[in-house]
Amino acid sequence: MRLVLISTTTILLILGACRIFIPSPHPVNIGFFADSNCLSACWQGLRPGISTLGDLEIFYSQNFTRFSTYTNDTIKLIQFSAIHDGGYYNVIASFNEDELVDIFLRVNKSPSFDLQIDSILTILGNPEDIRVGYGTAVETTATYPYIELYYPDEGYIFHADLDIQSLTDDTIELCVQPDINITEIHIVAPNPIQDMLANTFHTDSESTTRHVNEVLNNLDNWTGYRCYMLSYIHPFDSRD
């Protein structure tokens, strides 16, 4: 996702500092794809690579009661972080000088966005690549399965949480269905798929978390439904 990108680890550290809200059982509508003029690398009129710092300041002041601005020395970017007034989702936008680099949307109080895989396929067509996998947290022995849809030409990565279909000592089966709701959206200027895959996925830099995933392409006939069998690494397994 570059221009310049935020790692998932950095994003999660930022979001961890936000207030905790009582969850809502309903998906939150953020108006994604509601504007026919804002269908590519765009959300609410904000466009990575085009929008300026002034544009973002106006947007945040008009849409959020409270937001913070700070300089992230690790990735050398100015970041705006805000939480929806109802607590339903977080928005993080990053700038390099006066240029919007990316926007990261993540549900907080709501379980998901009111945006499903089949809606994305209808509007954007099939993704160039998908990534199916899971993370395991050693401290909690939890497993977090997911799918990510990559649209490099449109500047989007969509993330959805999955359920575990079956689990053995050696394998894990994850099933994707077209009506699954999206939980994270990363918006960037259009760029090659190799850059997206290399720079925007979960890193394994934290000692408590590891990731196993499979990247799939040639998705012309992909309908949003399929089951995937991956090797399973138990959280208690020692790290190399």
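This is a predicted model, so every value here is computed, not measured.
- Hydrophobic clustering, with ILVMFWY side chains joined whenever heavy atoms are under 4.5 angstrom apart, keeps L56 apart from I50.
- Residues I187 and C42 are not in side-chain contact: their nearest non-hydrogen atoms beyond the backbone lie 4.5 Å or more apart.
- Judged by distance alone, the side chain of N126 and the main-chain N or O of W222 form a donor-acceptor pair under 3.5 Å.
- Between F113 and F158, the distance from one ring center to the other does not fall under 6.0 angstrom.
- Side-chain contact between I83 and Y88: absent, with no pair of heavy atoms (C-beta onward) separated by less than 4.5 Å.
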For the pair V176 and R226, evaluate side chain to side chain contact (heavy atoms under 4.5 Å, CB included) and give the outcome as yes or no after the intermediate values.
CA-CA 5 Å; V176 182; R226 185 179 168 187; 5.6 Å; no

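- Here the two rings, on Y146 and H159, have centers that are under 6.0 Å apart.
- When side chains are defined from C-beta on, Y232 does not count as touching T168, because their heavy atoms never get closer than 4.5 Å.
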All N/O donor-acceptor pairs, side-chain side in residues 118-125, below 3.5 Å, sequence neighbours left out:
| unit_1 | atom_1 | unit_2 | atom_2 | d |
| --- | --- | --- | --- | --- |
| S119 | OG | Q116 | OE1 | 3.4 |
| T122 | OG1 | D118 | O | 2.9 |

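- Looking at heavy atoms from C-beta onward, L174 lies in side-chain contact with I172 at the 4.5 angstrom threshold.
- When atom types are taken as modelled, the side chain of N63 and the backbone of S61 share no donor-acceptor pair closer than 3.5 angstrom.
- The shortest side-chain heavy-atom distance between M196 and Y150 falls under the 4.5 Å cut-off.
- You'll find the side chain of L219 reaches within 4.5 Å of the side chain of I130, heavy atoms only.
- When hydrophobic clusters are built by joining Ile, Leu, Val, Met, Phe, Trp and Tyr residues whose side-chain heavy atoms come closer than 4.5 Å, directly or via intermediates, M229 is not grouped with L162.
- Checked against the 6.0 Å centroid threshold, Y134 and Y144 do not count as a close aromatic pair.
- For the pair I30 and Y89, the minimum side-chain heavy-atom distance is below 4.5 Å.
- Two residues are said to be in side-chain contact when any heavy atoms from C-beta on lie closer than 4.5 Å; F59 and L46 meet this criterion.
- The number of heavy-atom neighbours closer than 6.0 Å to CG of D179, taken from other residues, nucleotides and ligands shown, is above 12.
- A single hydrophobic cluster is seen to contain both I193 and V215, as judged by linkage of ILVMFWY side chains at heavy-atom distances under 4.5 Å, directly or through other members.
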